[in-house]
Enquirer: 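Following this message is one structure expressed as structure tokens.
Counting begins at 1 with the first residue of the sequence.
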Amino acid sequence: MSEFNKTPRLVLLPAVDVAGGKAVRLTKGEAGTETNYGDPVDAAAEWADQGADWIHLVDLDAAFGRGSNAGILKKVIRQVRGVSVELSGGIRDDASLEHALEIGAKRINLGTAALENPEWAASVIAQYGDAIAVGLDVRGTTLAARGWTKDGGDLWAVMDRLEEAGATRYVVTDVTKDGTLQGPNLDLLRQVMERTRRPIVASGGVSSLDDIVALRELVPLGLEGAIIGKALYAGAFTLAEALDVAGY
């Protein structure tokens, strides 16, 4: 354990996914699988109170192209001042990107836009640098777009293009693991880290403190952080316990 304690810390990002004004969790990102966990502002405040320094905030309605929770996102960010917010969902043009930054998001996670509009993605990466992360949502080695309802191309081909565009960080999600509490896809993360020197944030499947231990062991290879969702909401462990294991 002493060797493990020397491992650099793993940044944890508790997730607050918003749909219909409520904090929800999906299974495998599929619409209609929502479990409702109440007020997103309360959820974010709880994670902040328990010691989170980042929160991963997602507008699921915007991601699915069925509406917006912009007002609630703004309230969440205002509630957790002092905590950095990574914002995701439906950010596909200059107006939505600028609005996200104006309401206080520290980092924007581009998903579909980076796949469908690579020229625009490259231009905003050049303009905003570290404030832009690219979400790589994967089934096998095929990317998922449009709220994970459409194929978005081959993972490795898209990564090559993003590397050329100067992408500064990737958020890697195994869609088949997300919300399933089946453990993260460590092999996928290792393969992605072999292709880039950019920091990686893992997402999907974390079910136990052991999973966080396994992810932290990848930090020397380039893993920066991990997004945790359903396990926290389901009470598999507390955020304080997770932060302790992650090296905080």
Enquirer: Do Leu239 and Pro14 have side chains that get closer than 4.5 Å, going by heavy atoms?
Expert: yes
Enquirer: Can you find a heavy atom in the side chain of Leu10 that is under 4.5 Å from one in the side chain of Ile212?
Expert: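 In short, these two side chains touch, coming nearer than 4.5 Å.
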Enquirer: Any side-chain donor-acceptor pair under 3.5 Å between Ser208 and Asp210?
Expert: no
Enquirer: Would you give the length of the straight line joining atom CG of Leu60 to atom OG of Ser88, rounded to the nearest 0.5 angstrom?
Expert: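 Interatomic distance, Leu60 CG to Ser88 OG, rounded to 0.5 Å: 8.5 Å.
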Enquirer: Go through the steps to decide whether Glu241 and Leu209 satisfy the test side-chain contact (heavy atoms from CB on, under 4.5 Å), and finish with yes or no.
Expert: CA-CA 8 Å; Glu241 288 169 333; Leu209 294 174; 4.2 Å; yes
Enquirer: Give the minimum heavy-atom separation between Val80 and Ala44, together with the two atoms involved.
Expert: CG1-O, 3.6 Å
Enquirer: Measuring only between side-chain heavy atoms, which start at C-beta, is Asp137 closer than 4.5 Å to Val171?
Expert: no
Enquirer: Can a donor-acceptor pair be found, under 3.5 Å and without considering hydrogens, that links the side chain of Thr168 to the backbone of Ile132?
Expert: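 Side chain of Thr168 to backbone of Ile132, a donor-acceptor pair under 3.5 Å: yes, one is there.
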Enquirer: Does the side chain of Val138 come within less than 4.5 Å of Leu143's, by heavy atoms?
Expert: yes
Enquirer: Check this for me: does any side-chain nitrogen of one of Asp39 and Lys22 sit under 4.0 Å from a carboxylate oxygen of the other?
Expert: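 Salt bridge flag = no for Lys22 with Asp39.
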Enquirer: Less than 4.0 angstrom from a charged side-chain N to a carboxylate O is my criterion; do Asp59 and Arg66 meet it?
Expert: no
Enquirer: Quick one: does Arg92's side chain have a donor or acceptor within less than 3.5 Å of a partner on Ala63's backbone?
Expert: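 Pair found, side chain donor or acceptor close to backbone of Ala63.
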Enquirer: Can you tell if the side chain of Ile108 reaches within under 4.5 Å of the side chain of Tyr128, non-hydrogen atoms only?
Expert: no
Enquirer: Identify whether NZ of Lys or CZ of Arg in Arg107 sits under 6.0 Å from the centre of the six-membered ring of Trp54 and within 45° of that ring's axis.
Expert: yes
Enquirer: May I ask you to decide if the ring planes of Tyr233 and Trp47 are parallel, tilted or perpendicular, using 30° and 60° as cut-offs?
Expert: perpendicular
Enquirer: Is a side-chain donor or acceptor of Thr196 paired with a backbone partner of Met193 at a separation under 3.5 angstrom?
Expert: no
Enquirer: Please step through side-chain contact (heavy atoms from CB on, under 4.5 Å) for the pair Val58 and Val18, ending with a clear verdict.
Expert: CA-CA 6 Å; Val58 184; Val18 185; over 6 Å; no
Enquirer: Please examine the side chains of Leu73 and Ile103, heavy atoms only from C-beta on, and report whether any two atoms are closer than 4.5 Å.
Expert: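 SC-SC contact between Ile103 and Leu73 confirmed.
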Enquirer: Without swapping roles, check the side chain of Glu46 against the backbone of Ala43 for a donor-acceptor pair under 3.5 Å.
Expert: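 Pair absent, no side-chain N/O of Glu46 close to backbone of Ala43.
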Enquirer: Restricting to non-hydrogen atoms, name the atom on Ala231 and the atom on Ser207 that form the minimum distance, rounded to 0.1 Å.
Expert: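 Closest pair (atom of Ala231, atom of Ser207, distance): CB-CA, 4.1 Å.
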Enquirer: Please walk me through it: do Glu217 and Thr7 pass side-chain contact (heavy atoms from CB on, under 4.5 Å)?
Expert: CA-CA 7 Å; Glu217 288 171 351; Thr7 304; 5.6 Å; no
Enquirer: Drop me the distance from Leu243's CG to Phe237's CZ, to the nearest 0.5 angstrom.
Expert: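 CZ of Phe237 is found 10.0 Å from CG of Leu243.
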Enquirer: Are the side chain of Asn69 and the backbone N or O of Gly21 linked by a donor-acceptor pair below 3.5 Å?
Expert: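 A pair under 3.5 Å: yes.
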Enquirer: Would the distance check show the side chain of Asp244 and the main-chain N or O of Ala240 forming a donor-acceptor pair, the cut-off being under 3.5 Å?
Expert: no
Enquirer: From Ser84 OG over to Ile77 CD1, what is the distance, rounded to the nearest 0.5 angstrom?
Expert: 11.0 Å
Enquirer: Between the main-chain N or O of Val175 and the side-chain N or O of Thr173, is there a donor-acceptor pair closer than 3.5 Å?
Expert: no
Enquirer: Between Arg9 and Asp53, does the salt bridge (charged side-chain N to carboxylate O under 4.0 Å, His left out) criterion hold? Intermediate values first, please.
Expert: CA-CA 13 Å; Arg9 82 169 187 175; Asp53 52 8; 2.9 Å; yes
Enquirer: Identify the heavy atoms of Pro8 and Pro220 that sit nearest to each other, and give their distance.
Expert: CD-CG, 4.5 Å
Enquirer: Can you find a heavy atom in the side chain of Leu13 that is under 4.5 Å from one in the side chain of Ile55?
Expert: no
Enquirer: In Å and rounded to the nearest 0.5 Å, what is the CG to CD1 distance from Leu101 to Ile91?
Expert: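 Result: 8.0 Å between the selected atoms.
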Enquirer: Determine, for Arg169 against Glu224, whether the closest basic-nitrogen to carboxylate-oxygen distance falls under 4.0 angstrom.
Expert: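 Looking at Glu224 together with Arg169, the answer is yes, because their closest N to O distance falls below 4.0 Å.
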Enquirer: Under a 3.5 Å distance rule, please check whether Glu86 uses its side chain to pair with a backbone N or O of His56 as donor and acceptor.
Expert: no
Enquirer: Looking only at non-hydrogen atoms, find the nearest pair between Ala19 and Val24 and report the distance.
Expert: CB-CG2, 3.8 Å
Enquirer: Could you walk me through whether Val192 and Leu188 pass the side-chain contact (heavy atoms from CB on, under 4.5 Å) test, one step at a time?
Expert: CA-CA 6 Å; Val192 171; Leu188 171 66; 4.2 Å; yes
Enquirer: If you take all heavy atoms of Ile200 and Val172, which pair is closest and at what distance?
Expert: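 Closest heavy-atom pair between Ile200 and Val172: CG2-CG2, 3.7 Å.
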Enquirer: Quick one: does Asn117's side chain have a donor or acceptor within less than 3.5 Å of a partner on Trp120's backbone?
Expert: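 Looks like yes, one N/O pair under 3.5 Å.
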Enquirer: Considering only heavy atoms from C-beta outward, does the side chain of Arg195 approach that of Tyr170 to under 4.5 Å?
Expert: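 Counting from C-beta outward, Arg195 and Tyr170 never come under 4.5 Å.
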Enquirer: Looking only at heavy atoms, which two atoms of Asp61 and Ser68 are closest? And how far apart?
Expert: CB-N, 4.2 Å
Enquirer: CG of Leu215 to CG of Leu186: how many Å apart, nearest 0.5 Å?
Expert: 6.0 Å
Enquirer: Nearest 0.5 Å, what's the CG-CG distance between Leu87 and Asn109?
Expert: 9.0 Å
